[in-house]
Amino acid sequence: MKTLFKRTAAAAAAAVMTLGLAGCGNNTSSNTSTSGTNSTAADSSAATSSATSNAAIGGEDSTPAGNGGTLVIGSIGPITGPAAIYGINVQNGAQLAVDEINAAGGVNGMTLELNFQDDEHDPEKSVNTYNTLKDKGMKLLVGTVTSGPCEAVSKEAAKDNMFLITPSGSSVNAITAGDNCFRMCFNDPQQGKIEADFIAEKLEGKKKVGVIYDSSDSYSTGILEGFKEEAAAKGLEVVAEEGFTSDSNKDFSVQIQKMADTGAEVLFLPIYYTETALILEQADKAGLDIPVLGGDGLDGLIDVLADKVALADGVYALTPYSATATDEKSVKFTEAYKAKFPDADAPIQFAADAYDCVYAIKAALEKAGVNDASIDSKELCDKLKAAMVEIEYDGITGNSKWTTDGEVTKDPKIMQIKVTDGKGVLTDIG
């Protein structure tokens, strides 16, 4: 078993990581709108195609003819600021799905259009963006991307009875505002439980766990809460629990020393990739050499470390998708993504989550028999809420079903970063 903190002479590029994702972005940017490149009106053959698809997921054999039209899907996330890698991936993944669906004839005679707006990972800006999207004809929402903004926007969406499915807002409160809210990813306590189980079951003999977490971030504290509860049940001992905040996320020497002093055998990092990269650099210099495990917030770590990626060799992460995976669905998605966005970095989990969100919406629209894009957003929400708990969608990130509280059920997947000849890849370890 490979461990993390391999001795290298390199240091991570700290200048790239001067802002933590727990805080709100401070960059000034204009909103960005994106629509499908294949937004053409569906012809009569599309009705036949969508009816067949509807029957395949357990709906009626046919859908009565409607007025078709263009159904606007709003989406919100950071495409500028420190969390931009997440938002860009969500925007691209959702756009790819929209374009594929439109090219195949749309949904029940309707064409889809994606309008993505930047919130800079700022809750206040995210709410303003939500209102902008409503003014622009949004009928349902994919987002928001990060947890804090999603918590704020979901409250507004609940008041409006606007259907919301977040690809990656993993805090518990991201979807608790109303029964209109769903998610594609695991929630934070679920992630923590899965990761404690992994240590107990896969890292044989490793019982002492050290934790470095962001006490100012609901994503980090939420994962830690689930982790500690399950760790206790599985006989793991948390020997060090060291916090930091968005105002003290550069120097981790004290926390790293505590890991060494307490004899931690595993380092658990329920944090984002920016702080993780700094911790890897500083722990390497301090000579700490123990396995490391993180959540889906580690997506982006390989790219941020760049030529220093050897620091991440052996890191475990909970992520349902890798651009280097060899299963048929992942390969097809990765190739389509790279073909559509040739200048973009390889897709990460957030792109796959967003792609799956749009296809889940398609399945729900077909199940509900929605065929008129002029439908009122509240009426549409009621139809989608009922359909979501009846569909089953087998996507890039797994076979997904939803409960009445909006949570997704699917099998977890732990991957490991492996570095060969200076190139890091996420590998499915089963």
Checklist entry - Is the CD atom of Glu241 crowded by more than 12 outside heavy atoms at less than 6.0 Å? => result yes
Next on the checklist: If only side-chain N and O atoms count, and only distance matters, is there a donor-acceptor pair under 3.5 Å linking Gln95 with Asp99?
Outcome noted: yes
Item to check | Spatial distance of atom CD1 (Ile271) from atom CD (Glu275) [nearest 0.5 Å] | outcome: 5.5 Å
Item to check | Qualifying residue, where the test is side-chain contact (heavy atoms from CB on, under 4.5 Å) with Gln349 and the options are Ile396, Asp296, Asn89 | outcome: Asp296
Checklist entry - Leu278 versus Phe252: any side-chain heavy-atom pair under 4.5 Å? => result yes
Item to check | Side-chain donor-acceptor pair present, Asn161, Asp382, cut-off under 3.5 Å | outcome: yes
Checklist entry - Distance from Asp303 atom CG to Ile85 atom CD1, nearest 0.5 Å? => result 5.0 Å
Checklist entry - Is there a donor-acceptor contact under 3.5 Å linking the side chains of Thr129 and Thr132? => result no
Next on the checklist: Measuring only between side-chain heavy atoms, which start at C-beta, is Leu140 closer than 4.5 Å to Ser377?
Outcome noted: no
Checklist entry - With no hydrogens and no angle check, do the side chains of Asn92 and Tyr337 hold a donor and an acceptor under 3.5 Å apart? => result yes
Checklist entry - Between Thr144 (side chain) and Gly77 (backbone), is there a donor-acceptor pair under 3.5 Å? => result no
Item to check | Ring geometry between Tyr86 and Phe350 (parallel below 30°, tilted from 30 to 60°, perpendicular above 60°) | outcome: parallel
Item to check | Pairs touching residues 344-359 that satisfy salt bridge (Lys or Arg N to Asp or Glu O under 4.0 Å), sequence neighbours left out | outcome: none
Checklist entry - Just by distance, with hydrogens left out, do Thr262 and Lys208 show a side-chain donor and acceptor under 3.5 Å apart? => result no
Checklist entry - Hey, does the side chain of Ser216 reach the backbone of Thr245 with a donor-acceptor pair shorter than 3.5 angstrom? => result no
Next on the checklist: Students often mix this up, so state it plainly: with edges at 30° and 60°, are the rings of Phe333 and Tyr321 parallel, tilted or perpendicular?
Outcome noted: perpendicular
Could you list the donor-acceptor pairs under 3.5 angstrom formed by side chains in residues 172-182, with sequence neighbours left out?
| from | atom 1 | to | atom 2 | distance (Å) |
| --- | --- | --- | --- | --- |
| Asn173 | OD1 | Thr176 | OG1 | 3.4 |
| Thr176 | OG1 | Asn173 | O | 3.4 |
| Asp179 | OD1 | Lys385 | NZ | 3.1 |
| Asn180 | ND2 | Ala157 | O | 3.3 |
| Asn180 | ND2 | Met162 | O | 2.7 |

Checklist entry - Leu318 versus Glu195: any side-chain heavy-atom pair under 4.5 Å? => result yes
Checklist entry - Looking only at atom types and distance, does a side-chain atom of Ser220 sit under 3.5 Å from a main-chain N or O of Asp217, one as donor and one as acceptor? => result no
Checklist entry - Can you say whether the rings of Tyr272 and His121 are parallel (under 30°), tilted (30 to 60°) or perpendicular (over 60°)? => result perpendicular
Checklist entry - How about Tyr130 and Asp160: does a side-chain donor come under 3.5 Å of a side-chain acceptor? => result yes
Checklist entry - Do Leu426 and Asp299 come within less than 4.5 Å of each other through their side chains, counting heavy atoms only? => result yes
